Every structure is written in C-alpha cells, then in structure tokens.
Amino acid sequence: MGDYIITTNPKRCIACHACEIACKSENNIPLEATLGKIVVLGPKMVNGKPKMSSVFVPCFHCEKAWCLEACPTEAIRRREKDGLVYIIESLCVGCKACIMACPWHIPQWNAETGKAIKCDLCMDRIDQGLEPACVSVCPTDALSFGRPEELSDKTRETYAHGLLERNLSATSVR
Amino acid sequence: MKKYINTLCFMCSVRCPIQVEVENEQVISIRGNPHVPAMNGGVCPKGVAAMAALNDTQRVQSPLIRTGERGSGQWKRVSWEEALDYTADRCKAIFDKYGAKSAVYCERANLISDISKSFQKAIGSPNHFTHDTVCKGSINTACRSMIGYTDGQINADWTNAKHVVLYGRNVFESVEIKAMNSFMAALEKGTKLTYIDPRVTITAAKAHDYKMIRPGGDLAFNYALMNIIIKEKLYDAPYVKRWVEGFNELSRFVDPYTPEWAEKETGLPAAEIVSLAREVSRVKPAVVFHYGYRGSHHPTEVYFRRSILILNALIGSIESKGGLFIKKGLKDAGYKAGLKTFSSQKFPEMEDKRRFDGCGQDKFPIADPAHGVGFMFPHAVINEDPYPIKVLFAFRYDPLLSNPDYNTNMKALQKLDLIVASDVNFGATTAMADVILPESFFLERSDPLQMGSGLKPAINRRIACVRPRFDTEPMWWIVKQLADRLGVGQYFPYETAEDIWKYQLADLDIKIEDFDETGSVSLSDKAIWWDRNDGINFKTPSGKIEVVSDLMESHGIPSLPAYEPLDRQPDAFRLMCGRCVAHTNVMTQNNLYLNHLVPENRLWINDRRAKELGIADNDRIEVASNAGKGEMRAFVTDLIHPEAAFMLHGFGHKEVDSKRSYGKGVADAMLQERHHDKIGGSPALDHTWITVKKL
Ligand code: SF4
Ligand code: SF4
C-alpha cells in the first residue's frame, strides 16, 4: 500500500457502509463504482451463536503494481514520495487493461466518463494531513490508517501490555 | 474560502453534533463535531448521505398546489404568497363552519415542536400529535407511572454499565453515535451484553449472549427474572427498601411466574433465565435493562415496559453509575430559568377542549397529551368522533406510512377537506396533499435551540450551512406566515432565527455568540448525579418508584394484572418490523446512496418453515393479513425464530415523485392491523399474524 496501510477492526465495524458512501460522495464518483469496499460476512450462525466479520478493501498500492505495468498510455503513475499509485485522468483512454491486470480487479469503471478510476487513498487529503475519507468518516473508529511499522508497533504494544497487566494482577492476587 | 460549521444533523431524530465543511456554497464533507469526543469524528451512512439529499432534484422544489386527483403527482408550481393565501383561505372557510378544532397538526417531535404547539393553541385547536406514540407511547406511559419522568427524560449510562440487557434495542443498527461509541468502549473493557430478539441483528452478533426468544415472550421472560431475583434475594435490598413502593405486592405477584413456566412462553431454557438473574445481580447496580424502542409491541406493551423498569428498580440501577439516570437540565446545573418557550404564552381560552384522540381525557386517561395518540386519527376522521375533523397539517411527518393499517389511514385522508403538507421530500402523505409548503433541508436552515438534557446538560444549535438550493423555507417561518394570515401572528414575535434564539435565551445569561466556536454551550463540566441513597427526585406522588402506581390505580387501571398468554397460530407468522442502519423511518428510502445501499425490504422467514411452504431464498411471495397484502421477495434464513417474520420499516413508497423508491418492497403499515395498547396508546406493531405464499 505504498507507504500506508488501512486496517479493519471487525469487532468495532458495524457494517454500516459509511466508509463506502463517503468515498463515493466526497470523491464524486458514480454510484456503481466502489473504490474502497467494505466486505462483510454474516451475521451467520457459528456453533449456535451469531457471528460476523468484515474487512475494508481499498486499493493496495502494490509494490509490483500490475495495473501500472499494464497501462499502455502511462496514465497510471506512482507517487515518488509515498508510493501511492494513481491515474492521471486525461491520459486514460478507457482500455480497461488495468482492471484486467489487477489480480483483484480493483480499478473501477466510470461509465459517465468512459475512463478507469481507482482509489488513491485520497492523496489530496493525505497532503493536508488528513486521513482518507473512508477512515475519517467511520463512526466507530473501526478503520485505522497509518504506516505499517506504526501499526505493528501499536498492535504489539497493546498485546504485550495486556499480557503484562495480567501477569501483574495475577501476582497481586496471590 | 473554506468554512467549518458546527451544527446538528437531521438525517434522523438523534440529531448528532456534526461539523460541515463548506466551500463556495457547496458542502465538501460532513463529519462528527470534533468538540464532542464520543462522535469519534465520524458520522453514520445517513449523515454522509446528507450531501446527496441536499442536492437531490427529486426534492419538493417550490410551493405546490394540487391540480389532478389526490396522489396523482399533478401539481402547479406557485409562489409562497399564493400557496400561503390559498391555505389560509381554505382554513378560514372550514373553521367558520366546523371550528378550528377540526384541524389536526401532526409532526415528528423536533426543534420547532414548541412553535407548532403554539400554532394550534393560537388558532384554538387542542389537536396536536407527534409520531412519538407510535414507537414509544407505552414506554412514556410506563415510565411516568413508575418514576414520574418520561422515557425522554431518562437515559442509560452506557460508559459505566457492567451488564446491559437489550430487548430488540438494536443499538448497532439503529445507531445513536455517541451512545454507541461509549458502549463499544465499555464492551472492549469487559461490559457484558445480553441481547434478546426473535431475530439476529448486528447487535446480536456483537453480544456475549444472544437469546432467540419466541416473539412476544419478553414479558414472561421478565416476570421469571423477577421471580428468581426476589426468591434468591438477588436484589439491592437497601435501595429497594428506600425507593420501591409495592415490593410486597410484587413478590406475591411474580411468585407463580417461575423460570420453568417462562420456558414454555419464551422457548428459552429455564436455567438460562436463572443464570442471567444471578449474573446481573453480581455487578449490580451497574446494570441497564434497556426500556426502549422495539422489543415486543403488543396490546399489553405498557406492562412489558413497566417490567423492564421494575427490573432496574430491583437491581438498584435507577440513578446509579452504570445504570439508568434521570437527565439533568438548566435548573439542575444551577440556572434559575430554562429556555423560554412560545407555548407558555397566554393564549385565548379554547371553546372545546376535547381532543380528537381523547388523550389525557376519556379514551386514554393516562397517556401523554404532549404527544397525543396518533393511532386514533383515522378513527376520529372516519367516525367524526368526537366531532368532524376536516384539516390535516402534516408537517415533516408521514402518518400514512408510519402508522399501522395503511388502507384505513388512506380512507381517512381521502375524507379530509384539506391536507397541508410540509416536508423536504415527497412522502406518502405529502403526495396526497392539496398544498405543499416545502421546508428547507437541515443544512440550509437554522432552527430553534435544542435543550440537551443529560448528565452534563448543554444547549445545542442548528445553524444554516448553505443557502437553500430551491424555493424552500424553514418551518418556523412557514408556521408564522400561516399564523399571520389566520390573524394570530402576534404569538410568533420573530422574523429571523436569531430573533428566536434571543427569545429562548431571554432569561439566561447566555449569548448567541457563545455558540459560535463549538456549536453548543455546556452547562456543567461534570456529570450531575443525585445521591442514590437519599437524593433522587422521583416525580411520583410518593416520591418513590411506584411498582404499584398511583397514576394507574387512581384511574382504575391495575398495576400488576395477571399475565395473559399470547395466542398461537401455527400456520401463520407473527409480523415484526424494525430498522437497518441505512434508513430513517420512512424518510430516506429515496436518497441516492441509501437507496443504493438498501433498496427494498424482503420478508425474513425461518428456513425450516420456508421449506414447508416451498419458498426458496429470493422467491417472490405474497404476504397478507386482515389489513392488507403485498408482494415482495423472501429472505430465507436461520437467523429468525420460526414463529416470526420480519420486514424493514419504511418501504412500499408509492408516491410517483420519489422515483428511486417508487414501488420497492412492501410497507409494514399495509399489513399491520389496528391493534393497540389501550393504556399507553402505542399501536401493537408486532401483534399482527400474516400468511405467506409463493407466487
Ligand atoms: S489497482 Fe490492483 S494492481 Fe494496481 S496497485 Fe491497486 S491493488 Fe495493486
Ligand atoms: S464506516 Fe466503519 S463501521 Fe461502517 S462499515 Fe465502514 S468500517 Fe465498518
């Protein structure tokens, strides 16, 4: 994902789709195109209990970007400073090569303009120091945006803190 | 230039504090007000979709007068002058003959309700009702009978609760962002959630314990909980001794209602009921048995709601940290006065005070006249009981799709001489109107200040973010214009929203500029709790929680009547209705994004029963009751109790001007029969049996 990663906390996600709608309405893209998609499984019964889970799937901004390599007009570029992969609209001829090349078919089709469009993680917002629209709008803070190394740090710390606390309280009880 | 404006959302009635980013009269984004931490800076999908609603060309774009048949969608665009004169002239002619009492004003309770009520008082009609009775009339009555406050005057301390029990209160789909996030944080810290519903929802999937109860079984379930709590002395004894009136009567009353007895009514194992009683007792009083919204709406609803409150009383949770609390207002925060109201002015004496619904009078002596009983509207119109009703002001409210029994309501609407509707969009009732006075969207208008009572009371402000897109006006302006033309304009002493704010703040040392930075004025930095040992100000005659209620007994209504089992119809399904996160009541089905997200409702039916009927998932089916029928698609699933069927509320729109939602799904109101709680006034929304067949 270039230099960034968006992660989903399925315990917090309520499958409300505000993330998708904000992406559509604030980036002014057609109704049928979904740049960032929340994929939800459930609720369904698992061993007699209702369970659900979800994960947000934006563009991954791959290191080996199939879409970029496939584009015949060099409309798809990578940003020097943070590796974000984006489309220059005026150069896109609408051949759909990127859509076919991406293993997840993540680039979308804008039927109104006849061009491919894709998630650029809201680079204009990132440049203003903001989070992408999907992350910032989420009412439950289920999505987090950051650099992979921060994420790993944060998760490890939270996990380890939990362990340490349990150890401490266990000793104090005895 | 970019502006960030703090205002109040109105995509649903929660009215979350939001921040709107505006540039060149365009809304760029909508987020949670950053000054309100529990908003997490976010908004729900409806909040985001407000941008599409604002610019939607399917809105009512100018005042309209009907030219074709009612409901034909044939309108003449007119000026405000013409629409208002027309409305007033028609009213005058009707009032001359039948009196002003022949006009009923209905709305969803909102920031201008004080002005709406003043309008009815000024013209001399006792007939005003809000949508509240449909969802919560019985909750309101139950609350007043026990603690002297309405349900609107209490809330749950989601942050500090240790165990929360919800009866169909689907907090993660019928979202109230602040409460939901406080609760989510509590869940992460170990708070337990028990969710009881015949249907699996998102909330069920987040619960520690989900109980698929038989539809309508909640009351029996609660009586059994009480039985164990009392038998095993699991209650908060000092609290009960200090605050509960009628404990001995209650003990005798619940004695026969054992968990084994309840097992038959609810389908839930007796042992589970016992263990829940013990579990909640362990963390008392930080327990919330949530009193509201959804759960079983049957003719005995008032007793179901009372049973929930009784459980809170036994566990000592009312006005306890982590339990329920009574909302505090200006006076509790040390102010001498409250917001000044228009409806407290001196109005001329009404010649006939009898209400169309008999609320607070003969028909519903203990229901709340502040909201009325809208259920009675078609009865009053069709039977001219107690007198002829000729005019309906349906302002920001769609009674036709919101109340049970569409066909009877439609018959009543057709009988009226004049229907005046005011709304942002075309709704089912708006489409039937003779004249439409279009209201500006919430992003385009300023409204009266909101008193935000709570543990930390505050006053909040909605302020216009952009200019109106179309030829629309705020409701307070529309009401004043009508009042002027009916010769009672003097009760509306304002020209602008600022005038209204100044009037409301007249007795307080708070200035309008004080709202500019954050959108609200906080009245207390710390949570105001009363001393639960001795300082709770219950507003009942005894000053206590009245399990045996003076309000009820003094009107000859029993406080603890014997349990009446619900009937069974093995070949039919008990119809339940409810909400999803995408839609608000009947108001948002035509929104560009929300319509795309959830375009229609399907009937949830249990997979085993569907198989017996030869129905597969997504099949077209006919759904019928004694009230009406419709065609829709089936959602065949193991996520619902075999006796129940479920459909989302709000679909089945037939107004031709709402092109996206037109003809999609079926209105629950089409199937719901006219059953109601004769004490609390709520329609028994979940009481109808329906049959289902494959098409
Ligand atoms: S569109 Fe597909 S291939 Fe291109 S960067 Fe995104 S995920 Fe990778
Ligand atoms: S906005 Fe947040 S809670 Fe809603 S679906 Fe997206 S990730 Fe889930």
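Side-chain atoms are counted along with the backbone in the values below, which use heavy atoms only and exclude waters and symmetry mates. Bear in mind the structure is a predicted one, so any value in this text is a computation, not a measurement. Each chain gets a letter, A, B and so on, in the order the sequences are listed, and its residues count up from 1.
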Could you look at [X] and say if it's the side chain, the backbone, both or neither that has a heavy atom under 4.5 Å from chain A?
| X | value |
| --- | --- |
| B/Ile28 | backbone |
| B/Ala582 | neither |
| B/Val200 | side chain |
| B/Val581 | side chain |
| B/Leu187 | neither |
| B/Met39 | backbone |
| B/Val175 | side chain |
| B/Met184 | both |

I'd like a table of all donor-acceptor pairs linking chain A to chain B (distance under 3.5 Å, no angle check), giving the atom names and the distance to one decimal.
{"from": "A/Pro10", "atom 1": "O", "to": "B/Lys206", "atom 2": "NZ", "distance (Å)": "3.3"}
{"from": "A/Lys11", "atom 1": "O", "to": "B/Lys206", "atom 2": "NZ", "distance (Å)": "2.8"}
{"from": "A/Arg12", "atom 1": "NE", "to": "B/Glu188", "atom 2": "OE2", "distance (Å)": "2.8"}
{"from": "A/Arg12", "atom 1": "NH2", "to": "B/Glu188", "atom 2": "OE1", "distance (Å)": "3.0"}
{"from": "A/Cys13", "atom 1": "O", "to": "B/Lys206", "atom 2": "NZ", "distance (Å)": "2.6"}
{"from": "A/Glu26", "atom 1": "OE1", "to": "B/Arg31", "atom 2": "NH2", "distance (Å)": "3.0"}
{"from": "A/Glu26", "atom 1": "OE2", "to": "B/Arg31", "atom 2": "NH1", "distance (Å)": "2.8"}
{"from": "A/Lys49", "atom 1": "NZ", "to": "B/His208", "atom 2": "O", "distance (Å)": "2.9"}
{"from": "A/Ser136", "atom 1": "OG", "to": "B/Arg31", "atom 2": "NE", "distance (Å)": "2.7"}
{"from": "A/Ser136", "atom 1": "OG", "to": "B/Arg31", "atom 2": "NH2", "distance (Å)": "2.9"}
{"from": "A/Val137", "atom 1": "O", "to": "B/Val43", "atom 2": "N", "distance (Å)": "3.1"}
{"from": "A/Pro139", "atom 1": "O", "to": "B/Asn181", "atom 2": "ND2", "distance (Å)": "2.7"}

Quick one, B/Ile30 and A/Val137 - any side-chain contact, counting heavy atoms below 4.5 Å?
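With C-beta onward as the side chain, the pair stays apart.
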
Flag the pair A/Pro139 / B/Val43 as yes when at least one side-chain heavy-atom distance between them is below 4.5 Å, and no otherwise.
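Sidechains of B/Val43 and A/Pro139: no contact.
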
Close contacts, residues 88-107 of chain A versus chain B, judged by heavy atoms under 4.5 Å:
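From residues 88-107 of chain A, none sit under 4.5 Å of chain B.
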
Counting only non-hydrogen atoms closer than 4.5 Å, can you tell me which residues of residues 68-77 of chain A sit against chain B?
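None at all.
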
Please classify the contact between A/Cys13 and chain B as side chain, backbone, both or neither, with a heavy-atom cut-off of under 4.5 Å.
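The answer is the backbone of A/Cys13.
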
Can you name the nearest heavy-atom pair linking B/Pro45 to A/Ala18, along with the distance?
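Heavy atoms only, the tightest pair is N-CB, 3.6 Å.
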
Minimal non-hydrogen separation, A/Cys16 against B/Leu597, with atom names
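Looking at all heavy atoms of both residues, the shortest contact is O-CD2, 3.8 Å.
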
